[in-house]
Novice: 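Here it is, the structure, as structure tokens.
When a ligand or atom number is given, it counts from 1 through the structure's own listing order. Side chains included, hydrogens not; waters and symmetry mates left out as well; all remaining heavy atoms used.
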Amino acid sequence: MPDYFEEETKKKKVEISEIERAKMSLMNPELIRSKIQERTIDESAKPIIELMLKEGIETVWDRFEIQQPPCRYCSAGLSCSRCAMGPCRIIPPVRMRGVCGADADLIVSRNLLDTIATGAAAHSDHGRDIVETLYKTSIGESDGYVITDQKKMNRLAEEYGIPIKDRNEKEVAKDLSIAMLEEFGSIKGTLTMAGRAPDQTREIWKSAGIVPRGIDREIVDAMHRVQMGVGASYSNMILQGARAALGDGWGGSMMGTEISDVLFGTPRINQSTVNLAVLKPDQVNISLHGHNPILSEMVVRVIEDPEIKSMVEKVGAKGINLVGLCCTGNELLMRKGVPMAGNHFNQELVIATGALEAMVIDYQCIFPSLPRTASCFHTKVISTSEKSKVPGAIHMEIHPENAYSMAKEIVKVAVENYPNRVPETVNIPANPMAVTAGFSVEAIKDALGGTWKPLIDLIVAGKIKGAAGIVGCNNPKIQHDYGHVNLTKELIKRDILCVQTGCAAVASGKAGLMKPEAADLAGPGLGPVCKSLGIPPVLHMGSCVDNARILVLVAELARALGVGIHQLPVAGAAPEWYSQKAVSIGTYFVASGVYTVLGVMPKIAGSENTIQLLTEGLQGVTHARFAVEPDPFKAADLISNHIGAQRSALGI
Ligand code: SF4
Ligand code: MSK
């Protein structure tokens with residue numbers, strides 16, 4: 001049988017066309033300057049964007065411009081290509097229904113449910129990969145993994161009703177991983193870790209009929225409903241979206257986070273650096289990009305291997321410099337203090353520094369065009385997941401069984417590529433930014449002296465008005481990092497503590513909001529509290545799956561106060577979201593009782609009923625709702641008004 005993937009790789013011409021190059025280089029300096037300003041507020045990114053514009057090396061922003069104007073039916077969620085009777089578009093008042101008879105409400109809500117299910121699947125499958133690695137480790141079939149946080153594993157085992165007394169760690173790990181894997185298609189009708197939510201919140205889920213029964217089960221149920229001729233009620237579709245998202249947040253993602261901690265260590269507060277300036281001119285630079293720490297943690301170990309060290313010496317480099325990108329980077333920053341090169345929109349730019357020997361990718365949020373960008377430089381793109389093969393990349397597949405040895409081979413490719421670096425093309429920006437990271441729930445509690453009481457006292461006294469979870473991606477519809485940074489600055493000024501994950505966290509890190517000195521930017525209540533604790537007013541809580549840490553944090557605070565999550569003075573925000581995963585996150589925030597403000601309008605404008613349900617009606621169901629506000633200053637008003645109202649309702 002022919003290898004279709006290899007054929008595809010051969011066929012793809014990974015080069016920038018001469019016409020595009022000529023078109024871009026003809027641009028005048030004024031136009032280039034204004035394009036850079038429009039595109040980003042990230043100072044380390046600006047010189048690289050300039051270089052790419054001048055050289056005609058395509059970026060996400062160029063491709064976005066080419067796509068304008070977008071189809072207004074697709075933007076409104078009014079197009080459907082779900083079956084072979086279509087594709088159909090709703091164009092009122094001319095065409096009110098698709099061929100099957102679906103109206104605007106159904107087409108919009110069905111598309112939304114599909115989006116949530118996709119996001120929930122991505123997170124949860126990541127979680128399953130991590131739990132499977134623990135299982136393989138427990139039966140002695142993994143290469144190089146160890147159990148790092150046995151205390152946490154034992155705590156989880158107790159939560160799952162698994163005996164730990166007089167048993168060795170592998171026996172416990174085996175039972176725990178099997179119990180977790182069972183919950184993907186559970187017949188128990190509930191998820192163990194959903195029990196972490198306070199009673200009041202679980203009662204709300206019960207009466208709304210959205211208790212997640214099993215992780216895969218809710219995703220498959222959602223995919224069943226989007227099949228033509230199944231779900232026909234828009235509200236029923238959206239409620240299933242809430243149930244699938246809860247299965248992600250309190251199931252798949254939470255397992256991903258917890259078992260990553262078991263395998264690689266629970267994050268502790270640490271110091272590192274962030275932005276494109278973390279690349280080193282005299283070292284082999286390797287960026288680790290994607291989401292899953294299974295490979296990247298192994299790469300961290302491999303660079304200490306004596307064979308690798310002697311190879312590095314032979315090629316004349318001063319060492320290996322690992323840098324993170326997106327959420328794989330967040331995982332490494334949280335646990336190992338590995339410097340972070342940037343967020344989603346830095347992924348092409350890091351290659352264009354000319355100093356990157358290898359871009360090692362796992363999965364999610366990886367531009368399929370990265371090999372095209374890399375073809376302009378000496379960088380090798382190395383794909384490692386069977387799920388994420390990328391034409392033009394070198395594929396070196398990693399499994400728990402071959403992790404250490406394959407990680408070593410991957411690092412060798414990078415080291416051998418160092419002599420191919422072209423010194424004239426190297427442009428590493430100056431001034432890496434200091435960042436404090438590692439704020440797991442455990443680390444935050446420890447910093448408070450092992451109890452939530454000091455935090456609750458500060459909230460009751462009004463020194464800290466409340467907290468906001470700012471999460472999510474970059475999106476070319478919003479100037480890169482503008483939404484994240486301005487919303488964060490506005491909130492801390494108003495004494496609202498910010499906890500962040502994903503690309504939002506990286507944006508704040510780059511803007512200097514995650515160093516203790518940023519306490520000077522916080523309000524008169526929050527600022528002195530941060531100074532006395534020596535922490536920044538913006539806490540890095542990890543990667544996208546680590547939004548589960550935010551759920552655990554709000555659940556613990558609600559329990560300590562004896563209220564439901566929906567009563568807390570907290571809010572969520574995704575100022576620059578793009579991904580289906582972000583829709584799942586926003587949905588499980590709202591379904592868990594957290595008011596959430598989106599900076600980018602989801603594709604729902606075509607259905608007034610869907611908009612009404614998400615922005616108002618859900619309040620009567622999950623006691624929380626969505627709002628959409630692209631302006632971060634207005635979003636800050638919405639969030640602080642909400643937190644003020646929540647405080648009044650609590651009588652504080
Ligand atoms: Fe058209 Fe209905 Fe088929 Fe969608 S499911 S493509 S609306 S016929
Ligand atoms: S990486 S999902 S762009 S946060 Fe998690 Fe960033 Fe969004 Fe990907």
Side-chain angles (χ1 to χ4, degrees), residues 60 73-74 77-91 95-111 113-115 118-120 122-123 126 225-232 237 248 253 256-257 288-293 324-334 340-347 361-367 388 469-476 478 480-481 483-484 500-509 540-548 573-586 598-600 606:
V60 63
Y73 303 104
C74 293
L78 286 172
S79 54
C80 180
S81 56
R82 220 160 279 291
C83 86
M85 294 191 286
C88 303
R89 278 176 304 161
I90 298 289
I91 307 177
R95 287 186 220 148
M96 300 299 282
R97 289 189 162 73
V99 177
C100 66
D103 63 8
D105 291 337
L106 179 57
I107 288 181
V108 167
S109 62
R110 204 161 50 179
N111 288 342
L113 178 56
D114 190 348
T115 301
T118 304
H123 279 151
H126 164 169
R225 287 176 205 225
V226 302
Q227 151 74 35
M228 198 307 275
V230 184
M237 300 298 257
D248 167 5
S253 281
T257 292
L288 298 156
H289 178 20
H291 281 77
N292 191 324
L325 273 171
C326 283
C327 285
T328 290
N330 283 325
E331 298 271 352
L332 293 173
L333 172 64
M334 287 285 282
M340 169 62 101
N343 50 8
H344 193 214
F345 282 4
N346 291 109
Q347 62 181 289
I361 57 178
D362 49 81
Y363 46 49
Q364 299 169 16
C365 302
I366 293 152
F367 290 149
S388 185
I470 304 180
V471 308
C473 326
N474 297 132
N475 186 320
I478 309 262
H480 176 214
D481 291 351
H484 297 309
Q500 302 197 334
T501 62
C503 292
V506 184
S508 289
H540 194 318
M541 288 195 77
S543 64
C544 292
V545 292
D546 289 341
N547 285 307
E576 301 179 34
W577 74 274
Y578 91 89
S579 162
Q580 297 102 318
K581 292 178 291 169
V583 184
S584 177
I585 295 165
L598 305 176
V600 177

Novice: Should the proximity of W577 to ligand 2, defined as any heavy atom under 4.0 Å, be assigned to the side chain, the backbone, both, or neither?
Specialist: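 The answer is neither.
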
Novice: Just wondering, do P293 and H126 contact through their side chains at under 4.5 Å, heavy atoms?
Specialist: yes

Novice: For ligand 2, note which part of Q364 has a heavy atom under 4.0 Å away: side chain, backbone, both or neither.
Specialist: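 Neither; nothing of Q364 gets under 4.0 Å from ligand 2.
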
Novice: Identify the protein heavy atom lying closest to atom 4 (Fe) of ligand 1, giving its residue, its atom name and the separation to 0.1 Å.
Specialist: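 Here the closest protein heavy atom is C80 SG, 2.3 Å.
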
Novice: With a cut-off of 2.8 Å, does C503 place any N/O/S atom under that distance from atom 6 (Fe) of ligand 2?
Specialist: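 A backbone or side-chain N, O or S atom of C503 is under 2.8 Å from atom 6 (Fe) of ligand 2.
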
Novice: Given 3.5 Å as the limit, does a donor-acceptor pair link the side chain of D114 with the main chain of N111, or not?
Specialist: no

Novice: How close does the nearest protein non-hydrogen atom get to atom 2 (Fe) of ligand 1, and which residue and atom is it?
Specialist: C100 SG, 2.4 Å

Novice: Can you find a non-hydrogen atom of S543 under 4.0 Å from ligand 2?
Specialist: no

Novice: Got the closest protein heavy atom to atom 7 (Fe) of ligand 2, with its distance?
Specialist: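 In this structure, atom 7 (Fe) of ligand 2 has C473 SG, 2.4 Å as its nearest protein heavy atom.
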
Novice: Can you tell me if E331 uses its side chain to pair, donor with acceptor, with the backbone of T328 under 3.5 Å?
Specialist: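 No, E331 side chain to T328 backbone: no donor-acceptor pair under 3.5 Å.
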
Novice: In the protein, which heavy atom is nearest to atom 8 (Fe) of ligand 2, and how far is it?
Specialist: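 Going by distance alone, atom 8 (Fe) of ligand 2 is nearest to C365 SG, 2.2 Å.
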
Novice: With a 4.5 Å cut-off on side-chain heavy atoms, are P476 and Y578 touching?
Specialist: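 The answer is no, as the side chains (C-beta and beyond) never meet within the 4.5 Å cut-off.
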
Novice: Identify the protein heavy atom lying closest to atom 1 (S) of ligand 2, giving its residue, its atom name and the separation to 0.1 Å.
Specialist: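 Among all protein heavy atoms, the one nearest atom 1 (S) of ligand 2 is H291 NE2, 3.2 Å.
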
Novice: Under 3.5 Å, is there a donor-acceptor pair between the D481 and N343 side chains?
Specialist: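 Distance-only check passes for D481 and N343.
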
Novice: Tell me, do V471 and W577 make a side-chain contact under 4.5 Å, heavy atoms counted?
Specialist: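 The answer is no; the side chains never approach within 4.5 Å.
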
